[in-house]
Amino acid sequence: MEPEITNAAQYEQYLDSVRSHGRTMLLPALIAAQQSFRHISPETATAVSKALKVPLADITGMIEFYTMLKIEPVGETHIAVCTSPVCAAKQAHQLLHEMSANAAPGVTTEAVACLGLCDHAPAVLVNDRQVGSVTPKTDLSSANGRVQSRLHGEERMLTQWCEEDVEHTLENFLECGGFQGLRAALEHSPDEVIETVKQSGLRGRGGAGFPTGTKWEGAAQASGHPKYLVINQDESEPGTFKDRALLLGDPFLILEGILIAAYAIGAEHGYFYIRGEYPFAQQVLNHTITQARQAGYLGQRILGREFNFELEIRSGAGAYICGEETALFESIEGKRGFPRIKPPFPTTHGLFGRPTVINNVETIVNIPLIFKIGVDHYRSMGSPAAPGPRLFSLSGSVVDPGVYEITTPVTLRQLIYGLGGGIPNGRKLQAVLLGGAAGKFVPPEKLDLLLTDEALRPLGLSVGSGAVMVYDDQVDLRLVLSSLADFFAHESCGKCYPCQLGTQRQAEITHRMLAGQVLTGDLDRLQDVGWTMTDASLCGLGQTASHAILSAVELWPELIVEPDPKQVRS
Amino acid sequence: MTPEPITITIDGQQISVSPEVTLMQAIASIGQDTPVICFHEATTSEGLCRLCVVEVEGWRTLAPACVTKVADEMVLHTDSERVRRARRTILEMLSSAVDLSEAPAIQQQIDDYQADPERFPEAHRRTQPILDDNPFYVRDYEKCVLCWRCVQACGDDLQFTYALSLGGRGYETKIATFFNAPMPETTCVFCGNCVAVCPTNALKGKTEFYLDQGMDYDQIRLQRRRQQKSSSQDKKNG
Ligand SMILES: Cc1cc2nc3c(=O)[nH]c(=O)nc-3n(C[C@H](O)[C@H](O)[C@H](O)COP(=O)(O)O)c2cc1C
Ligand code: SF4
Ligand code: SF4
């Protein structure tokens, strides 16, 4: 969290204060410059280069990688319009077009990837204020800038105290039984804590579903020092916003989980990486950490034990790929967010090359619960392959978009029609995109699928990050596919050829589909590009970048109709 | 202490190798070549081009042979349909983006995998003007395949000069200098390492560049003298 800076002298002072940390402060320093001066000039960049001992060329490399950093100044008012697959289906592109055409002097507009406000589509970010359900008539200057998510659930275990509209204080948290899980965990040795987490069967909620206890054990047993704990709130998967709701609703609970994790793996330093598009959530987090530090829940000898831990916030700056764990480490280290080759894995060679545990926010919030209610009760929720409560981010054409906590597995039909209130305006369901942009489409005939790993895996489906995007029969799916393809082309880091080239070629073909100008052979091209990305890409982004699109053209071949060969001139 | 050799199978042939070698080295040990673009002995392997991918039985995705280590009882297929499709498609996509006319090794790979350089009609190509801003080499990034070798050679792998970085992102990734300044205004010491490792002639020595343009040595000498004059003129004026 950067201090208020308004002129070059103050910025120099700021650089002086972070100089000794070196390159790891590069992204924070560039974000501070961007916020203070609305762009990064060669003079500012040179000062940063000198202070942090980073080569000049690398600074340009950073500015060009992170989309929130700019070489040219943005306007006093900068409007970022979300064009993700949910907002796109709600006329985001027309909105952007109108806003750009009617922009007053000093106002700049820009299309951006998912803002994580999908339950309030179409959404925009005006400087650091979030505004939802925007129409060309919305008065953006009067909006309070905070978008709240509705939390639902018949039995709320994780989100019991989640409430956005209050100021979160440590006192309140303690009154509601806060830190009970931490106290229970500290009664045991770190090894015992890890054993309990293993027995709980908790799997990561960031998308990949890796067993959390096993991950912790790997880092705890690794030989390098120091060890790091990293919390991943990059939350940029289109359709996913549950981690924002958790942070705004119950920030101290996240901290409680973090402390248990740090204790278990023996980490004395942690980083909380949160996307740059969540400025309000960053403030809440900062306030939480300050209170906790004052009360001795962070720092030396926490709760009077041989347990020291400090937590540092790091902001992203507009790069979906930085949610990929190794790209996130690179970002904290002050570099472009290029994913690393695995192995080696983070548990042995993570942040700064040291043993590291990286966990999603929802994963971490499960930890205090496990210690509060015990393994048996915990395992009675969810399904045997993935026990515990689960959060779903429901968005698109539903009456009640929001975050749903599910403790007893439900079908898609129950989630959309039972809990979510069904499709508005008497329309019919056309398609569901399950698991985010990296997920796959599910047709209405499959609505009775249970949302568990056991039921989904045999069909090649996955809950992923818990995103459920609903499309009614009025939506042009070709627009959704082209928005998905644009997203991946925009967010590919460009490191490996299959994804760097393939996301662009894929986008071009979906643009032809949308324009009704499909060429002979395009289906073949789309499949070769898609399969090659899946098979040969370096990281999960490229490996999943074609899944949704290929699943759609398989389900609905009419989305890509090649010209009749008889009518084509040769 | 040399570690115990392990046994792996490559296209049906069982061999015994050190557990420390890469798949590419293991494949080379039976006299077979693996196609590569980004790989170079002098620079760090980052697994970029993915042309070297092979199929490992039981693995979900293909494995980049340049950076994947062998493991006991691994069964490899270096010429399966999946491998050929990936290699062919990568080459086709590359042809639709980049000028490969002076990259004979890649041309050969295109032939070997029966890739169709015209596979992607109406594709947006990465076009860029030729950058001729210094007396030693010319940069024609339309020919750049983003193998990273020049950046690596300029930086940690050879020269420690750091005049170059990756810029842009995704399909628009490019080789950048500080605010895209001409080379003489950067930290470049004109060691020529980047030119030496460039596989596609995107970086080309000046003399070769002029010869390619059909000049003879006398014309080149004249041209260089003119350029030096005008650049010292620029300095005086600027
Ligand atoms: C392209 C990409 C983006 C990702 N984005 C996120 C993200 O925003 N949040 C997250 O928790 N995990 C994300 N992940 C998954 C992380 O790499 C990692 O698996 C996760 O943070 C581990 O935490 P968990 O085990 O608690 O799920 C992403 C992965 C990929 C490949
Ligand atoms: S798959 Fe895409 S995002 Fe991942 S390393 Fe390759 S280019 Fe980068
Ligand atoms: S300029 Fe040459 S060496 Fe540098 S990345 Fe491009 S192709 Fe590789």
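The shown structure was predicted, so the numbers you read here are calculated from the model rather than taken from an experiment. Values below: every heavy atom of this structure, side chains too, minus hydrogens, waters and symmetry copies. All chains are named by letter (A, B, ...) in the order of the sequence lines, taking the proteins before the strands, and each is independently numbered beginning at 1.
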* To do: Measure B:T61 against the heavy atoms of chain A and call it side chain, backbone, both or neither at under 4.5 Å.
  =>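 For B:T61, heavy atoms of backbone and side chain both lie under 4.5 Å from chain A.
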
* 4.5 Å side-chain heavy-atom contact, A:T532 and B:I90 ->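 Result yes, sub-4.5 Å side-chain heavy-atom pair found.
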
* Ignoring hydrogens and angles, tell me if any N or O in the side chain of B:R50 forms a donor-acceptor pair with the backbone of A:P498 under 3.5 Å. =>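 Not at all, since once roles are kept as given, no pair shorter than 3.5 Å links the two residues.
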
* Side chain / backbone / both / neither for B:C147 at chain A, heavy atoms under 4.5 Å ->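 It is both, since atoms from each part get that close.
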
* chain A heavy atoms under 4.5 Å from B:R126: which part of the residue, side chain, backbone, both or neither? ->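 The side chain, not the backbone.
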
* **Toward chain A, the part of B:W59 with a non-hydrogen atom under 4.5 Å** =>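 Answer is neither: B:W59 stays 4.5 Å or more from chain A.
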
* To do: Tell me, for B:S96 versus chain A, whether the close heavy atoms (under 4.5 Å) come from the side chain, the backbone, both or neither.
  =>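 Both backbone and side chain of B:S96 come within 4.5 Å of chain A.
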
* Taking side chain as C-beta onward, heavy atoms only, is B:R82 less than 4.5 Å from A:W531? ->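 No, every pair of side-chain atoms sits at 4.5 Å or beyond.
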
* Region of B:P64 that comes under 4.5 Å of a non-hydrogen atom in chain A ->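 Neither part.
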
* Hey, is A:R525 close enough to B:E92 for a salt bridge, meaning N to O under 4.0 Å? ->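 Salt bridge absent between A:R525 and B:E92.
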
* Is it the side chain or the backbone of B:K174 that comes within 4.5 Å of chain A heavy atoms, both, or neither? ->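 B:K174 touches chain A through side-chain heavy atoms alone.
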
* B:V83 portion near chain A, given a 4.5 angstrom heavy-atom threshold ->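 Nothing of B:V83, per the 4.5 Å heavy-atom cut-off to chain A.
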
* Side chain, backbone, both or neither of B:L146 within contact of chain A (heavy atoms, under 4.5 Å) ->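 Looking at B:L146, backbone and side chain both touch chain A.
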
* Check whether B:A97 gets within reach of chain A through its side chain, its backbone, both or neither, counting any heavy atom under 4.5 Å. =>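 Both the backbone and the side chain of B:A97 come within 4.5 Å of chain A.
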
* Asked: Tell me, side chain or backbone of B:L94 under 4.5 Å from chain A's heavy atoms, or both, or neither?
  ->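 For B:L94, backbone and side chain are both near chain A.
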
* By a 4.5 Å heavy-atom criterion (distance strictly below it), what part of B:E172 contacts chain A: side chain, backbone, both, or neither? ->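 Neither part.
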
* Asked: Do B:M93 and A:Y497 have side-chain heavy atoms sitting under 4.5 Å apart?
  ->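 Side-chain contact under 4.5 Å: no.
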
* To do: Check for a donor-acceptor pair, side chain of A:R505 on one end and backbone N or O of B:F120 on the other, with a separation under 3.5 Å.
  =>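 Checked: no pair found.
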
